[in-house]
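Notes for the one structure printed next.
Numbers restart at 1 for each chain; the letters A, B, ... are given by sequence-line order, proteins then strands.
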2 protein chains.
Amino acid sequence: MTVTLADVAARAQVSPATVSRVLNGNYPVAASTRERVLKAVDELDYVLNGPASALAAATSDLVGILVNDIADPFFGIMASAIQSEIGGPGGRAGGERLAVVCNTGGSPERELTYLTLLQRQRAAAVVLTGGAMENAPHAAAVAAKLRKLSEAGTRVVLCGRPPAPDTDAVALTFDNRGGGKELTEHLIGLGHRRLGYIAGPEERTTTRHRLEGHRAALAAAGIEEDPRWTVHGRYDRRSGYEATLELLRRDPTITAVVAANDSVALGACAALRESGLRIPEDVSVAGFDDLPFSIDAVPSLTTVRLPLAEAGARAGRIAMGREEPPPGRVATARGELMVRGSSGVPRT
Amino acid sequence: MTVTLADVAARAQVSPATVSRVLNGNYPVAASTRERVLKAVDELDYVLNGPASALAAATSDLVGILVNDIADPFFGIMASAIQSEIGGPGGRAGGERLAVVCNTGGSPERELTYLTLLQRQRAAAVVLTGGAMENAPHAAAVAAKLRKLSEAGTRVVLCGRPPAPDTDAVALTFDNRGGGKELTEHLIGLGHRRLGYIAGPEERTTTRHRLEGHRAALAAAGIEEDPRWTVHGRYDRRSGYEATLELLRRDPTITAVVAANDSVALGACAALRESGLRIPEDVSVAGFDDLPFSIDAVPSLTTVRLPLAEAGARAGRIAMGREEPPPGRVATARGELMVRGSSGVPRT
DNA sequence: AGCGGTACAGCAAGCGCTTTCTATACGAGG
DNA sequence: CCTCGTATAGAAAGCGCTTGCTGTACCGCT
């Protein structure tokens, strides 16, 4: 029924071993033989059996990319960059690899299950993107899994995620804390003293770091934070909308809203506008990430640009063993403050 | 080194066959034995070898999802919906499947290569999303590939993509033509007579269908189209920005810009605004897709909502054999016109 | 002419699992 | 008490490929 290596070998009048070597191309094969084999492959329309070769060679060409939310461009951009370096089809790399994107939906169990699935497939590498859960048992479980994966020869890279202690995973992190601090400093510099903060989900490293940066800036400026000024939500627009309304309810005198990310910031803008407030005349708004649509908002969003594509590309190269891991296995990329129209001097 | 089925069997004092049966759970195994095996699996931290079982069973639990651009929420939303139904970890489905998202970047070769890779992995199902290339040789090559996949038992589903002739792929298409027509009719109804159109890349079914709908509406209203009014570009914001500038240069008197999709529309808005034109007082703008950010634009975007998530979910279920394919293997979903702030009555 | 070396090609032993077929044990029916 | 059906476990034959090792020419050299 299906064509096998043996069929090709028979047709080319060589042994299966030779066909395998032609296909893998790491062993000397005479040009004439190679040609005969290739011709047979073509005529028979032969397709290698992936599982069989993975089994025999004890390696596979699968590379897993874990993302929290595939519908969120934040992850899409990173995934795209990673994938382009993985080589996949069309990539610069030689051996074709199947880069697979797995959507965890931010759920710890799914994250773990995907890691197991990847381990089961004997993946060549795994890249985990985005913030990690701060739940201790889960973090430990993930760390254990990552250790197992490394042991089995799977390269593990964290992209936009803090280092995982007790593993030999390479981490390319973002300086979320520094970015958050800089952003809030900018607002304080403009004269803002009452700033609302819409944080992401709790138990997320990204959430915590950005919030810490924000608070550090407030503290440095001698501003005492009012607990009413912080609201937690999800990393989406809807959440930003609702949280802003809540913020306005709690303290209508705030002059700035700092959002967990750009999507949230957009939701915040919508809520402010519907509440009859002008941006930035009445309230300034700031986001985080600088996704492509942020510059198109009206007014365009003041935010912190994260080198998503660069980090992804680097993560991909490291995962492929095409670039040396950074010294100490950890590298931190800084964000860049993008001051745009949504932030201004507060009314006095 | 690595734990195998045999190790588990030894530890549980049973034969490898029994362990396999416990793990696959389709053969009667005494409760006491099962428990013993499960305990051994747990103690040894055993993980099934995917390739080996795929080889032996001649099936795999991989499901491929092909997308044109993973960084584009249009695909992200569909992929997310598909994946949630595939079962993956956490899904409602029983057997765990690895849903993998492959990013073709809109390149025909990559599309083909990914299909081969998936074929090589003996994927259980493949879902192709988004518009197809209209390049004849390529379309034929893809159709041939899809036929091969079907023959090999891989279920093939097209989501948001026109049917592939001569294959038994199930197609869930969007009525891009009808949506385009309705959108333009709306603008004409408002009084517009000179409408610019920013189309997507040529040789893309989506592009062609939307454009055809637009033209059908013009024709029906007796408006003769000026060739200067159509500009082709990519499906991204940047392209919309540039195309709009070009449109304005060619004919500064247009009163409406219809974009290939929402991202393009946003770019168009930016260009118009920078050109000192108000939306919709001076120029109306319309998009397509109704992505989440479209409602947040200022003014919010008039567009055509496509049931991305619904179609994706259905495609996922069909791919899993959990839902009957539509009669005739083809179903078409209509878009819904969303009239919002970006379209209005033209100046007279 | 005889020798070692090089360049290929083939043999055969698995890789770790699934599954068909066969064996065993037990309770029920005659 | 013997036979038979039922329930459960094991033996063993692959699945299709890779790869270490073993030939076998053929070349250049002394």
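- Here D:dG10 is the nucleotide among D:dT19, D:dG10, D:dG16 with the atom lying nearest to any side-chain atom of B:Thr18.
- Taking only side-chain nitrogens and oxygens, B:Ser20 comes nearer than 4.0 Å to OP1 or OP2 of C:dT18.
- Atom CG in B:Asp7 sits roughly 9 Å away from atom P in C:dG16 (whole-Å rounding).
- For the pair A:Ser15 and C:dG10, the criterion of a side-chain N or O lying under 4.0 Å from OP1 or OP2 is met.
- Residue A:Leu5 contributes atom CG, which lies 17 Å from atom P of C:dA12 at whole-angstrom precision.
- Proximity of A:Asn24 to the phosphate of D:dT18: a side-chain N or O atom is located under 4.0 Å from OP1 or OP2.
- Electrostatic pairing of B:Asp45 and A:Lys148 counts as a salt bridge here, judged by a charged N lying under 4.0 Å from a carboxylate O.
- Counting only heavy atoms from C-beta on, A:Asn49 has its side chain closest to D:dG16 among C:dG16, D:dG16, C:dC8.
- Taking only side-chain nitrogens and oxygens, B:Ser53 never comes nearer than 4.0 Å to OP1 or OP2 of C:dG16.
- When all heavy atoms of B:Arg155 and B:Ile318 are compared, the closest pair comes out as CD-O, 3.4 Å.
- For A:Arg21, the listed nucleotide lying nearest its side chain is C:dG10; candidates were C:dT19, D:dG14, C:dG10.
- One can place CG of A:Leu23 at 15 Å from C1' of D:dT19, the figure rounded to the nearest angstrom.
- Here the side chain of A:Ala56 is nearest to one of C:dC15, D:dC21, D:dT8, namely C:dC15.
- One atom, CZ of B:Arg36, and another, P of D:dA9, lie 8 Å apart when rounded to the nearest Å.
- In this structure, of D:dT19, C:dG16, D:dC21, it is D:dT19 that holds the atom nearest to the side chain of A:Ala57.
- Here the P atom of nucleotide C:dA13 and the CG atom of A:Leu55 are 17 Å apart, to the nearest Å.
- Across all strands, A:Ala17 comes closer than 4.0 Å to base atoms (heavy-atom distances).
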Q: Just do the side chain to side chain donor-acceptor pair (under 3.5 Å) check on A:Ser107 and A:Thr104 with the steps written out, would you?
A: CA-CA 6 Å; A:Ser107 140; A:Thr104 67; over 6 Å; no

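- The A:Val14 side chain lies nearest to C:dG10 when the options are D:dT19, C:dG10, D:dG10.
- A straight line from CG of A:Leu48 to C1' of D:dG16 spans 9 Å, rounded to a whole angstrom.
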Q: Apply the test salt bridge (charged side-chain N to carboxylate O under 4.0 Å, His left out) to residues A:Glu134 and A:Arg161: give CA-CA distance (whole Å), side-chain angles for both, the deciding distance (0.1 Å), then the verdict.
A: CA-CA 12 Å; A:Glu134 296 216 282; A:Arg161 194 171 166 123; over 6 Å; no

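- Scanning atom types as modelled, no donor and acceptor separated by under 3.5 angstrom connect the side chain of A:Tyr27 and the base of C:dA7.
- Atom CD of B:Glu35 is surrounded by 12 or fewer heavy atoms from other residues, nucleotides or ligands within 6.0 Å.
- Nucleotide C:dG16 holds its P atom 15 Å from the CD atom of A:Gln121, rounded to whole Å.
- Of the residues near DNA chain D, B:Thr33 and A:Thr4, the one whose nearest nucleotide (by heavy atom distance) lies more toward the 5' end is B:Thr33.
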